[in-house]
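This report refers to the structure that appears directly beneath it.
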Amino acid sequence: MSEVKIDFDAAGGVDLSRLERSLGLRGERVAEGRYRVTGGSHEHWVDLYTAAHPRCDCGDHLWRERICKHILAALLREGNERVVEALPTLLARVRAA
Ligand SMILES: [Zn+2]
């Protein structure tokens, strides 16, 4: 199993609003750690295991250097611990709203 080359803390951690939006996206695994993410206004390509930047071709990741909803959608499908751990917090926030 490859290590995800993402520094969560440097990228501001798992953002709950982005995580919520990522749940409505579709992720198609095309190769190891590589996903075609659809369901938003544009199709985006994610590469989780590249050490090269960027790992997603969307503006949120390119310009703000955040972990965007497309990367989150891919990480969810990989069962990434940091993202799965954020789900209860997201649910609690949705319930409280
Ligand atoms: Zn993205």
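All ligand and atom numbering here is 1-based and tracks the order in the structure. Computed from heavy atoms alone, side chains included, the values below leave out hydrogens, waters and symmetry copies.
L90 has its side chain within reach of L23: a pair of non-hydrogen atoms, C-beta onward, lies under 4.5 Å apart. Two residues are said to be in side-chain contact when any heavy atoms from C-beta on lie closer than 4.5 Å; L48 and E32 fail this criterion.
Looking only at N/O/S atoms, H70 comes nearest to the Zn ion (ligand 1) through ND1.
By the 4.0 Å N-to-carboxylate-O rule, E20 lies too far from K69 to be salt-bridged with it. Checked for salt-bridge contact, R82 and D9 meet the test: a charged N lies under 4.0 Å from a carboxylate O.
The Zn ion (ligand 1) has no N, O or S atom of H44 closer than 2.8 Å.
The angle that C68 SG and C58 SG make at the Zn ion (ligand 1), rounded to 10°, works out to 110°.
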